[in-house]
Structures are given as C-alpha cells and as structure tokens.
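Structure first, commentary second.
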Amino acid sequence: MISSVLSRFSTKMPSRIAQIRLTSSHPQVYEPCDDSFALVDALLADRKHLLHHRPSLCIEIGSGSGYVITSLALILQDLKTTHYFATDINPHALKVTHETLQAHGVHAELLTTNIAAGLDRRLAGMVDVMVVNPPYVPTPEAEVGGDGIAAAWAGGENGRSVIDKILPIADKLLSEKGWLYMLFLAANDPLQICLGMREKGFASKIVVQRSTEEESLHVIKFWREFDGNEGGSLGKMGSPKGWEFLVSQFSRFSFRK
Amino acid sequence: MLSSNIKGVINGFPLRIEVEKVVEKQVDFNPDFLKNMFSKIDWKALADASKIMGYAELPEEVPDASVLDSDEFLQKFHHALLELHLEEGALVCPETGRRFPVNKGIPNMLLHEDEV
C-alpha cells in the first residue's frame, strides 16, 4: 500500500482526487492519513456507480482538511449537476477545507456546526451521497467533542459516541436513493452497526477493508433497501440479500475475533 | 438553506439575514441542476434572502414550474441561488433573536452549552 500512498505525492497523478501538495493544513486540524485515504479509495472504487447515480446533493460530516469532500467533488466533476455541503465542529477545519477546495477549483457550502445541526431539517430526505470519517477512536467520554483537534478522533466508549449520533441523522438526511459511505474501526463493531442500520431499512456492504500497522479500517456503504434497489453496486453479483450475506462479508474479514 | 437548531424552536426557519458584506462569485450556468433544485428549495426564503442581499429580481411568490422553460428566469434563479454569497454578517433566529455569525462566508451554528 505504500506505493499507492506515495503516488498521491506525485504530480503526475490523475486530477480526479485531491492532491496532498494542494491540501491546506493548520496545527488544530487533522491532516489526511490512512483513514482519509481509505475513504477516498472507497469513493474511487465506486466511481462508476457514483457517476451513474448522478447525485444532486452531497454532504460530508466532519470535513477536516477537506481532502475527502474535495476528492468527491473532483470524482464527480464531469456531472456538473452536483452541489456540495461540508460541516465541521472545528472552525479552523472549515477554513482549511475552504482553502483545499479552492486550490482544486471546486466549491462546497461550508457550515461550522455539530454534525448537521441547522441543516438537518432543510436537507431532510434530499442528500444523495453522504461521506463520513467520524471520530472513531475509543477514548474516555470526556474527550469527545470539544473545540480542538481531539474532536477529529475522540470517539468515547468503543469509539461509538459520535458514530451513534451520526447514523440517525444520516437516516434523516438521505434521500430515497441516498448512499452513505462511512469509515469504521474494527473496535467500533461494524457488524453490529450494519445490523442496526438494517432495522432502519438499510442494506450495506464493505467497500474497502484495510489493515494498517495500528488499525483495521473498514469503509462501509449503506443504501435504502427497496425491492429492485440494489444500491447500484451488487447487480452483477446476482444481488445477494439478507443478513446472511452481510454476516458472511464480515466473517470473511474475521471481524469479531 | 439553513434553519435554526435551538431546542424548542419549531418554526426556526428561515433565519433573518444581517448583511455586512455580500460577494458575487461566478459559477457555471447549469439548467439541469437548477430544474432539479427548483422543487426542493423554499422559494420564499430564497427570494427574501436574495432581496436582503441586494438582489430583488426574483418573484416573491412561488412561480409556476413552467417558468423553468425560460432562460431569463433560470439565469436569475442561478444568480440568486449560486452566485450570491453572504461573506460577512449573521443569521438570526426570528423567534429567539439568537445570532449565528457568518465570517468569510462560513456560518457558525455552534450553540453554547446552556443552549443545547
């Protein structure tokens, strides 16, 4: 994986994702790291489906450096029919997000807020693509939130404090055809998260699974499951359904050891 | 597109806009995007907000969807929705008077601890 990370520093790389050398930074803002790369790689892996999906509204919760939302805007740049929102609880982060977007010639509406407070009523049922790299690291509860850089990773018990607040908001914001791409750590118990989302009518699948020296990362895609709606991604696989399929995906990656 | 999020405020939107500085940014004209957004936005809120920000060209009442065939209308809608930005000022909750500052085009909706 080192070569794929290094290639991001190359000036020859395709312009369809944000370039690290153009990504702005600030001492109080989380810089793109393995988790950010995993999330962008998931978006790239799903690029064809995303282009076919033709999202009108996309939102990133917790945009930090802006690397992910900028990459999404570049991946979908050919569509020209997509509008972007990004939020962060850290005002410094949105300044950096703004600079990163601007350096790549793309635009998003930015809002300093907790998750999507202030937007969730106006945008309810309107969001076609939502991307989230949440604060997922298990920490003492007292470290969650706050106005510094720790808000970027502090996830409370099992790293689930903020994740469990974001999921119902995703359910509220996502349109009927809406997709959520969210990053989890094995310690967050993603299988339990998927089963919980299933009760709300969401199907899910792992788009990227990656183990780094420190972490086991999973990017999971969720979509509302209706008859005949396969989230645009399972068609060729004979559309396996049901929780047996879900569990089989996870057991393949030996999640719950 | 914002609504106030202070607990207990049911009809917290649209927020009143206090203007210190408005900037105009040129954005590529895209009729498909506008037609898509037309049914999704709160028209009166957009028309009122644009007026406060110095652009009074939009009809105040919700126009019939047939206006989407008019290029002239789409250009105005495009300008109001995408090119007009509140750079400095505030969004004010009409019920509580709570001010949410806007700096460098970014509204700050964070509440103090005693408000949540």
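This is a predicted model, so every value here is computed, not measured. Chain A is the first sequence line, chain B the second, and so forth, proteins listed ahead of strands; every chain is numbered from 1. Values below: every heavy atom of this structure, side chains too, minus hydrogens, waters and symmetry copies.
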task: Compute whether any side-chain donor of one residue and acceptor of the other, for A/S56 and B/N36, lie under 3.5 angstrom apart.
output: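 Side chains of A/S56 and B/N36: pair found under 3.5 Å.
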If you count the non-hydrogen atoms of other residues, nucleotides and ligands that lie under 6.0 Å from [atom1] in [X], is the total more than 12?
{"X": "B/E83", "atom1": "CD", "answer": "yes"}
{"X": "A/K200", "atom1": "NZ", "answer": "yes"}
{"X": "A/E157", "atom1": "CD", "answer": "no"}
{"X": "B/K104", "atom1": "NZ", "answer": "no"}
{"X": "A/K172", "atom1": "NZ", "answer": "yes"}

field: Which portion of B/N108 sits near chain A, non-hydrogen atoms under 4.5 angstrom
entry: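 Contact with chain A involves both backbone and side-chain atoms of B/N108.
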task: Counting only heavy atoms closer than 4.5 Å, note whether B/L34 contacts chain A via side chain, backbone, both or neither.
output: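 Nothing of B/L34, per the 4.5 Å heavy-atom cut-off to chain A.
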- prompt: What are the two closest non-hydrogen atoms of B/L110 and A/I89, and how far apart are they?
  reply: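 Nearest pair, atom of B/L110 first, then A/I89: CD1-O, 3.4 Å.
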message: Can you tell me which portion of A/T87 sits under 4.5 Å from chain B's heavy atoms? Options are side chain, backbone, both or neither.
response: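 The answer is neither part of A/T87.
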message: Any non-hydrogen side-chain atom of A/T112 less than 4.5 Å from a side-chain atom of B/I106?
response: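 Touching, per the 4.5 Å side-chain cut-off.
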pair A/H107-B/V27: side-chain heavy atoms closer than 4.5 Å: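 The answer is no; the side chains never approach within 4.5 Å.
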Atom pair CE/CG of B/M109 and A/L119 - distance to nearest 0.5 Å: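 Spacing of CE (B/M109) from CG (A/L119) equals 7.5 Å.
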field: Plane angle bin for B/F33 and A/H83 - parallel if under 30°, tilted between 30 and 60°, otherwise perpendicular
entry: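 Correct class here is tilted.
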